[in-house]
A.B. asks: 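Please find one structure pasted underneath; my questions will follow.
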Amino acid sequence: MPQTDSDLRAVLYGLPPAELAALPEGAAQVSPLIPGSARLEDVAEASLETAVLLAPPGTVERRYALALALRALRPGGRLVALAPKDKGGTRLAKELRGFGCAVTDEPRRHHRICTAARPEAPSGIEAAIAGGAPRHIDNLALCTQPGIFSWDRLDPGSALLLRHLPPLAGRGADFGCGLGILARAALKSEKVAALALIDLDRRAIEMARRNVADARASLHWADLRGSEPALTGLDFVVTNPPFHDGGAEDQALGQVFIARAAAALRPGGTLHLVANAHLPYEAPLRAAFRTVASTVTEGGYKLFEARK
């Protein structure tokens with residue numbers, strides 16, 4: 001049975017704009033994309049007064065989060081769910097009514113804001129929770145969960161890097177590790193002494209922990225835009241950096257990964273990076289590394305090998 005702090009009365013999922021949703025006082029953050037947050041999955045059934053969700057854009061992931069919130073609310077407890085209109089907002093009211101909720105649906109500032117009370121007996125929430133839960137899928141032969149980047153397929157950029165990744169040695173890191181696919185490849189080398197797997201998504205770290213059963217691996221739920229984890233003197237970094245934040249392209253994310261890799265590597269250490277071909281990473285790479293080689297360009301992606 002899920003358990004949580006008996007004094008917890010409200011949760012907040014994500015960071016909705018303050019002008020669109022009043023944030024409950026004392027609410028616990030439960031987003032898997034905010035390191036240090038509590039797990040919505042662990043909140044006891046019928047224990048909450050209020051839940052406010054900036055609903056995820058993916059249908060399966062969104063229904064999973066809504067169903068978890070409804071399960072955690074007491075009967076009559078208040079749910080506020082909002083999302084941009086083009087990222088699931090137009091579907092919110094229908095989805096909540098499908099769970100048996102009476103819904104008030106308000107359009108504001110390119111969002112839809114839905115307010116509902118938890119019915120005495122919500123319908124369909126267990127199926128929605130099962131639909132968004134972790135599972136093993138055969139095509140990847142890995143444990144995964146909807147909402148994680150490339151959760152049900154091998155990303156073409158990662159596939160390209162896998163095909164051209166040289167044997168690695170020493171201490172390294174996988175920035176934005178996802179399910180641990182690159183980490184598993186790196187750890188095939190017996191010369192790798194240690195590998196830090198880092199991702200912003202708690203679910204990715206949980207799945208990577210299942211997928212990378214190797215004592216040399218350490219896992220870190222962290223935002224590389226911050227200072228954690230502290231990494232120095234590394235021999236290599238592998239990465240397929242994200243370039244979207246909240247659905248919008250953000251080239252600064254990749255630039256942060258490049259800067260963090262340069263700071264973490266020892267002199268002579270190497271960064272192995274794959275990126276979409278349109279992303280202009282050449283300048284930040286050359287600014288941070290002694291040598292930069294574009295080794296392969298294929299299928300809309302490019303590989304870089306940068307030496308500090």
A.B. asks: Pairs of donor and acceptor atoms involving the side chains of residues 183-191, under 3.5 Å and at least two apart or interchain, shall be tabulated with distances.
C.D. replies:
residue, atom, partner, partner atom, Å
R184, NH1, N211, O, 2.8
S189, OG, L168, O, 2.5
S189, OG, K191, N, 3.2

A.B. asks: Honestly curious: do V212 and F236 fall in one hydrophobic cluster under the side-chain, below-4.5 Å linking rule?
C.D. replies: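 Yes, same cluster.
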
A.B. asks: As a quick check of understanding, evaluate side-chain contact (heavy atoms from CB on, under 4.5 Å) for W221 and I34, giving each step before the final call.
C.D. replies: CA-CA 9 Å; W221 180 23; I34 300 177; 5.7 Å; no

A.B. asks: Donor-acceptor check, side chain of R135 to backbone of I137, threshold 3.5 angstrom: yes or no?
C.D. replies: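 Not confirmed, R135 side chain does not pair with I137 backbone.
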
A.B. asks: Out of curiosity, L273 CG to L279 CG, how far, rounded to the nearest 0.5 Å?
C.D. replies: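 Output value for this atom pair is 9.5 Å.
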
A.B. asks: Which pair of non-hydrogen atoms, one from A217 and one from L197, has the smallest distance, and what is that distance?
C.D. replies: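 Between these two residues, the closest heavy atoms are CB-CD1, 4.0 Å.
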
A.B. asks: Quick one: CG on L54 to NZ on K87, what's the gap to the nearest 0.5 Å?
C.D. replies: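 Nearest 0.5 Å value for the CG-NZ distance: 10.5 Å.
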
A.B. asks: Do F175 and L231 touch side chain to side chain, with heavy atoms closer than 4.5 Å?
C.D. replies: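 F175 vs L231: side chains touch.
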
A.B. asks: Using only atom types and a distance under 3.5 Å, with no angle test, would you say the side chain of S123 pairs donor to acceptor with the backbone of G98?
C.D. replies: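 Present.
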
A.B. asks: Would you tabulate the side-chain donor-acceptor contacts of residues 259-272 under 3.5 Å, counting partners in other chains and residues two or more places apart, or write 'none'?
C.D. replies:
residue, atom, partner, partner atom, Å
R260, NH1, L224, O, 3.0
R260, NH1, G226, O, 2.7
R260, NH2, P229, O, 2.8
R266, NE, D235, OD1, 2.5
R266, NH2, D235, OD1, 3.4
T270, OG1, R307, NH1, 3.0

A.B. asks: Taking C-beta and beyond as the side chain, do P242 and F257 meet within less than 4.5 Å on heavy atoms?
C.D. replies: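 Touching, per the 4.5 Å side-chain cut-off.
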
A.B. asks: L8 and A28: which non-hydrogen atoms are nearest, and at how many Å?
C.D. replies: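 Closest heavy-atom pair between L8 and A28: CD1-CB, 3.5 Å.
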
A.B. asks: Does Y64 reach the side chain of L40, with side-chain heavy atoms less than 4.5 Å apart?
C.D. replies: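 Sidechains of L40 and Y64: no contact.
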
A.B. asks: Hydrophobic clusters here meaning ILVMFWY residues chained together by side-chain heavy-atom distances under 4.5 Å, can you tell me if L165 and V274 are in one?
C.D. replies: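 L165 and V274: one cluster.
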
A.B. asks: Got a salt bridge between E19 and R109, using NZ or NE/NH1/NH2 to carboxylate O under 4.0 Å?
C.D. replies: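 Looking at E19 and R109, the cut-off is met.
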
A.B. asks: More than 12 foreign heavy atoms under 6.0 Å from CD of E25: is that the case here?
C.D. replies: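 Counting neighbours around CD of E25, 12 or fewer heavy atoms of other residues, nucleotides or ligands fall under 6.0 Å, so no.
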
A.B. asks: Shared ILVMFWY cluster between L23 and V11, side chains joined below 4.5 angstrom?
C.D. replies: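 No, separate clusters.
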
A.B. asks: Under 4.5 Å between side-chain heavy atoms, hopping through other hydrophobics if needed: is there a path connecting I129 to L70?
C.D. replies: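 I129 clusters together with L70.
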
A.B. asks: Would you say that E61 contacts R203 through its side chain, given a criterion of any heavy-atom pair below 4.5 Å between the two side chains?
C.D. replies: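 Side chain of E61 against side chain of R203, heavy atoms only: contact under 4.5 Å found.
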
A.B. asks: Are the side chains of S37 and V30 in contact, using a 4.5 Å heavy-atom criterion?
C.D. replies: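 Not touching, per the 4.5 Å side-chain cut-off.
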
A.B. asks: Would you say L253 and L182 are hydrophobically clustered, going by side-chain heavy atoms of ILVMFWY under 4.5 Å?
C.D. replies: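 Shared cluster, no.
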
A.B. asks: Within a strict 4.5 Å, meaning less than it, do heavy atoms of the T144 and L142 side chains meet?
C.D. replies: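 Counting from C-beta outward, T144 and L142 never come under 4.5 Å.
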
A.B. asks: With rounding to the nearest 0.5 Å, note down the distance linking OG1 in T295 to CG in L303.
C.D. replies: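 Between T295 OG1 and L303 CG, I get 4.5 Å after rounding to 0.5 Å.
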
A.B. asks: Rounded to the nearest 0.5 Å, how far apart are OG of S31 and CG of L15?
C.D. replies: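 S31 atom OG to L15 atom CG measures 7.0 Å (nearest 0.5 Å).
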
A.B. asks: So, taking the atom named SG in C177 and the one named CG in L219, what distance separates them when rounded to the nearest 0.5 Å?
C.D. replies: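 If we round to the nearest 0.5 Å, C177:SG and L219:CG are 6.5 Å apart.
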
A.B. asks: My understanding is that only residues two or more places apart in sequence, or in another chain, count here; which of them pass side chain to side chain contact (heavy atoms under 4.5 Å, CB included) with S218?
C.D. replies: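 For S218 the side chain to side chain contact (heavy atoms under 4.5 Å, CB included) partners, ignoring immediate neighbours, are A196, H220.
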
A.B. asks: With a 4.0 Å cut-off, would you call E206 and R39 a salt bridge?
C.D. replies: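 Yes, this pair counts.
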
A.B. asks: If you round to the nearest 0.5 Å, how far is CG of L66 from CZ of R91?
C.D. replies: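 Between atom CZ of R91 and atom CG of L66 there are 12.5 Å.
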
A.B. asks: Would you list the atom pairs, donor with acceptor, under 3.5 Å between side chains in residues 156-163 and any protein atom, with sequence neighbours excluded?
C.D. replies:
residue, atom, partner, partner atom, Å
S158, OG, N240, ND2, 2.9
R163, NH2, E298, OE2, 2.7

A.B. asks: Please give me the minimum heavy-atom distance between A117 and C101, naming the atom from each residue.
C.D. replies: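 Minimum heavy-atom separation between A117 and C101: O-SG, 4.1 Å.
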
A.B. asks: Just jot down the side chain to side chain contact (heavy atoms under 4.5 Å, CB included) partners of V292, sequence neighbours excluded, or say none.
C.D. replies: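 L285, R286, F289, F304, A306.
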
A.B. asks: Does the R78 side chain pair with the main chain of A51, one donor and one acceptor, at a distance under 3.5 Å?
C.D. replies: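 Here the side-chain-to-backbone pair does not exist.
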
A.B. asks: Using the side-chain contact (heavy atoms from CB on, under 4.5 Å) rule, take D174 and I198 through it: C-alpha gap first, then chi angles, then the decisive distance, then the call.
C.D. replies: CA-CA 6 Å; D174 180 354; I198 305 152; over 6 Å; no

A.B. asks: Can we say E41 and R202 salt-bridge, meaning some charged N sits less than 4.0 Å from an Asp/Glu carboxylate O?
C.D. replies: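 Here E41 pairs with R202 in a salt bridge, since their nearest N and O are under 4.0 Å apart.
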
A.B. asks: If every non-hydrogen atom of L140 is compared with every non-hydrogen atom of W151, which pair is closest and at what distance?
C.D. replies: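 Closest approach of L140 to W151, heavy atoms only: CD1-O, 3.6 Å.
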
A.B. asks: Any heavy-atom pair between the side chains of K302 and E282 that's under 4.5 Å?
C.D. replies: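 Touching, per the 4.5 Å side-chain cut-off.
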
A.B. asks: Quick check: closest heavy atoms across L96 and C114, and the distance to 0.1 Å?
C.D. replies: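 Where L96 meets C114 most closely, the heavy atoms are CD1-CB, 3.8 Å.
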
A.B. asks: When you look at E49 and L73, which way does the side-chain contact (heavy atoms from CB on, under 4.5 Å) test go after all the steps?
C.D. replies: CA-CA 6 Å; E49 302 288 339; L73 285 164; 6.0 Å; no

A.B. asks: Can a donor-acceptor pair be found, under 3.5 Å and without considering hydrogens, that links the side chain of E228 to the backbone of D223?
C.D. replies: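 Pair absent, no side-chain N/O of E228 close to backbone of D223.
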
A.B. asks: If you apply the rule side-chain contact (heavy atoms from CB on, under 4.5 Å), what do you find for R63 with F99, and how did you get there?
C.D. replies: CA-CA 10 Å; R63 285 176 50 79; F99 289 130; 3.8 Å; yes

A.B. asks: Within a reach of under 6.0 Å around NE2 of H110, are more than 12 heavy atoms found that belong to other residues, nucleotides or ligands?
C.D. replies: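 12 or below, so no.
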
A.B. asks: Going by side-chain hydrogen bond (donor to acceptor under 3.5 Å, both in side chains), name the pairs with one or both residues in residues 96-107, residues two or more places apart or in two chains.
C.D. replies: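 Counting only pairs at least two positions apart or across chains, the side-chain hydrogen bond (donor to acceptor under 3.5 Å, both in side chains) contacts touching residues 96-107 are D105-R112, E106-R108.
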
A.B. asks: With a 4.5 Å limit on heavy-atom distance, are the side chains of P107 and K85 in contact?
C.D. replies: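 When only atoms from C-beta onward are counted, K85 and P107 do touch, with a gap below 4.5 Å.
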
A.B. asks: Can you give me the closest heavy-atom contact between R62 and P57, atom names plus distance?
C.D. replies: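 Looking at all heavy atoms of both residues, the shortest contact is NH1-O, 2.8 Å.
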
